[in-house]
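Heads up: the structure comes next, in structure tokens.
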Amino acid sequence: PSIELGPTYPIRNLKTMQDFYKEFDQPLLKKEHTILIDLKCFQSGVIVPHQGTDVWDQHHVKFPHLYPRPPSHHKSHAQPSRWEVTRRALLSLTKGSNSIGDVQTAIMSYNSSNKDKWTFDALYNYGQRLQTMDNNLHLLIPKMAKLALNLPELIKKPIPLLRQQQNQGITMSQQQISCLLANAFFCTFPHRNDTKPGSEYANYPTINFSSLFANKTDPTKLDLKAEKLRAIFHYFNTVTNDEEPAKPDGLVTFERISIPPSKLPNWNTTKVPLRNLHISPEGSIENEGTGMLQVDFASRFIGGGVLGSGLVQEEILFLMSPELIVARLFTEKLADNECLKITGPQMYSYTSGYSKTFSWVCPYDDRTKRDIWKRRYRQVVAIDALDFKNPREQYTKDNIKRELNKAFVGFHGDVKTAIATGNWGCGAFKGDPKLKALIQLMAAAVNGRDMAYFTFGNKELAKEIQTMHEKLTMKKVTVDKLYNWLKDFSAYYAREHHFPKDLYGFISEKIDHKASL
Ligand code: AR6
């Protein structure tokens with residue numbers, strides 16, 4: 001039987017960033033906000049890096065050109081510094097005619113301790129497929145190497161690590177991001193290859209691209225990696241292109257937001273009704289949700305498997321918008337009460353398919369309007385759902401509350417754009433979309449925000465969520481009430497071994513019961 005959806009709240013009525021342009025045009029200078037460019041110059045139209053002093057410590061990104069020289073007693077016999085080795089290797093790549101073998105040799109010259117660990121088979125496979133694709137790698141690699149070498153000139157101020165339980169932001173230019181990513185591509189970031197527990201950066205995502213070049217496990221994944229590399233190389237093509245269309249010349253802001261437990265809502269007593277919901281099986285967060293607060297179905301380690309073999313919502317988003325990848329350089333893994341918000345990233349690619357069917361399609365000409373800081377009216381919030389190895393776990397009181405709080409932190413803020421989301425935590429992480437939809441609606445309501453929900457082709461689910469939302473709003477059910485029903489369901493679920501009622505059946509009975517009181 002065909003599933004007919006009733007009329008849904010019109011998407012054009014949902015608030016986007018342009019409705020809040022005054023807030024986005026506010027001065028950027030704030031406490032706990034590091035700005036890597038000179039704002040005065042920026043306002044008169046030139047991008048100049050903000051001056052600063054060099055640091056090499058545990059609070060800041062360790063730049064490859066600041067790698068300390070090991071102490072040496074015989075100056076004349078001193079080994080070249082690691083940066084000197086890196087610089088020479090990258091310089092040789094700028095001199096044209098670069099095979100993938102040259103890239104490998106360069107990268108391994110300053111990463112020799114990984115010579116038995118790193119392989120480049122995915123990169124070679126990409127190279128072999130080049131004939132049928134956009135074959136300009138020999139022109140692109142020199143430009144990327146030049147860009148990477150520019151690091152000491154382009155970034156003069158230390159980049160703070162965004163560590164757990166700190167509210168801190170960083171704003172940088174798209175050019176600075178491209179330079180950092182070029183360094184990540186050439187695997188120049190020191191101390192970032194060891195991810196073992198207890199190592200210095202064990203709590204951070206990886207940033208050097210070595211894992212993207214390797215394909216140790218599954219040969220069927222080689223071609224998927226090639227599609228990822230197409231997206232990455234297309235990005236580097238755009239940012240190193242001196243001709244029209246102009247190189248990206250705007251800014252992007254990254255903010256870590258931590259809300260202390262004492263400031264989280266008391267879900268038992270929050271008497272607010274649900275807000276408007278636009279729901280549709282068609283459309284996606286990335287396209288239809290542009291200008292709203294777009295939810296990244298994140299990993300605690302921002303970007304998840306984007307540099308490995310992961311290829312679901314978060315990874316695809318990061319491939320369409322590679323500027324997001326730079327967050328991996330400085331964002332410590334997210335705690336339960338934290339999120340990362342990114343304002344102004346650009347879209348570079350159209351992609352199609354999902355997971356095993358993913359492919360890069362063509363360039364995306366991003367015409368999204370910008371605020372006075374030339375940040376695109378695009379905002380992404382990374383919130384990591386719980387990974388339910390056993391889906392039964394998600395109905396416990398503690399886990400429901402954890403997810404409510406996580407969504408609350410993500411949706412918090414003075415700017416009340418609508419939330420663009422979908423089945424958060426319900427793919428790789430095995431959540432129940434019916435529960436997660438309610439959780440997100442409750443978190444949005446407490447923050448005074450409407451929602452656009454895309455069910456990713458699932459009509460039946462769209463219909464069910466829509467009907468549930470209608471019942472709840474018609475009967476003016478408030479968040480505290482719904483929270484208590486979820487707790488009742490949790491107890492019921494723990495008690496019963498067979499489930500005569502699913503979550504929505506259970507809540508519908510509660511609503512009917514409330515109506516008859
Ligand atoms: N727009 C709307 N809905 C979507 C989209 C989209 N673009 N893409 C997917 N969905 P998943 P998770 C739907 O598995 O469970 C990554 O590795 C679709 O129904 O990406 O939170 C991260 O790094 C899909 O099944 O999110 C984390 O490690 C569902 O959303 C982990 O996966 C969930 O998408 C997060 O897994």
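Order of appearance sets the numbers: ligands from 1, and atoms from 1 within every ligand. We're numbering straight along the sequence, starting at 1. This one's a predicted model, so the numbers in the text were calculated from it and none came from an experiment.
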Is there a donor-acceptor contact under 3.5 Å linking the side chains of T206 and R192?
no
So for C426, does at least one of its heavy atoms come nearer than 4.0 angstrom to any atom of ligand 1?
yes
Do G305 and ligand 1 have an N or O pair less than 3.5 Å apart?
no
Nearest neighbour in protein (non-hydrogen) for atom 15 (O) of ligand 1
G427 N, 2.7 Å
Pairs of nitrogen or oxygen atoms closer than 3.5 Å, one from G425 and one from ligand 1: do any exist?
yes
Only heavy atoms count here, so choose which of K430, E315, E314, M320 is nearest to atom 17 (O) of ligand 1.
E315
Flag yes if more than 12 heavy atoms outside Y354 fall under 6.0 Å of its OH atom; otherwise flag no.
yes
Proximal atoms of ligand 1 relative to V312 (non-hydrogen, under 4.0 Å):
16 (C), 17 (O), 20 (O), 32 (O)
Any donor and acceptor pair, going by atom type alone, linking the side chain of K228 with main-chain N or O of G310 inside 3.5 Å?
yes
Under-4.0 Å salt bridge between D432 and K434
no
At a 4.0 Å threshold, what atoms of ligand 1 neighbour a non-hydrogen atom of G304?
23 (O)
Given that the side chain starts at C-beta and the backbone is N, CA, C, O, which of these parts of F456 lies under 4.0 Å from ligand 1, counting heavy atoms, or is it both or neither?
side chain
Side chains of N125 and N215: do they bring a donor and an acceptor to under 3.5 Å?
no
Contact partition for A385 relative to ligand 1, non-hydrogen atoms under 4.0 Å:
neither
Examine F254 together with F330 and report whether their ring centres are nearer than 6.0 Å.
yes
Between the side chains of E332 and N203, is a donor N or O closer than 3.5 angstrom to an acceptor N or O?
yes
Can an N or O of S284 be found at a distance shorter than 3.5 Å from an N or O of ligand 1?
no
Short N-O contact, K463 and E460, less than 4.0 angstrom
no
Residue, atom and distance of the protein heavy atom nearest atom 36 (O) of ligand 1 read A428 CB, 3.5 Å
closest protein heavy atom to atom 20 (O) of ligand 1 is Q313 N, 3.0 Å
With a cut-off of 4.0 Å, which atoms of ligand 1 are near a heavy atom of I285?
1 (N), 2 (C)
Which of the atoms of ligand 1 are close to S299, meaning less than 4.0 Å from one of its heavy atoms?
22 (C), 23 (O), 27 (C), 28 (O)
Tell me, please: is Y354 in heavy-atom contact with ligand 1, that is, under 4.0 Å?
yes
protein heavy-atom neighbour closest to atom 27 (C) of ligand 1 works out as F429 CZ, 3.6 Å
Short N-O contact, R402 and D384, less than 4.0 angstrom:
yes
Identify the protein heavy atom lying closest to atom 7 (N) of ligand 1, giving its residue, its atom name and the separation to 0.1 Å.
E286 OE1, 2.7 Å
I'd like to know whether ligand 1 has G422 as a neighbour, heavy-atom separation below 4.0 Å.
no
Heavy atoms only: which of N423, L311, D296, D387 is nearest to atom 33 (C) of ligand 1?
N423
Starting from atom 30 (O) of ligand 1, find the nearest protein heavy-atom neighbour and note its residue, name and distance.
F297 CE1, 3.3 Å
Quick one: do R300 and E338 make a salt bridge, cutoff under 4.0 Å?
no
Going by the angle between their ring planes, with limits at 30° and 60°, are Y204 and Y201 parallel, tilted or perpendicular?
perpendicular
Mind telling me whether F213 and F185 have parallel, tilted or perpendicular rings, with 30° and 60° as the class edges?
perpendicular
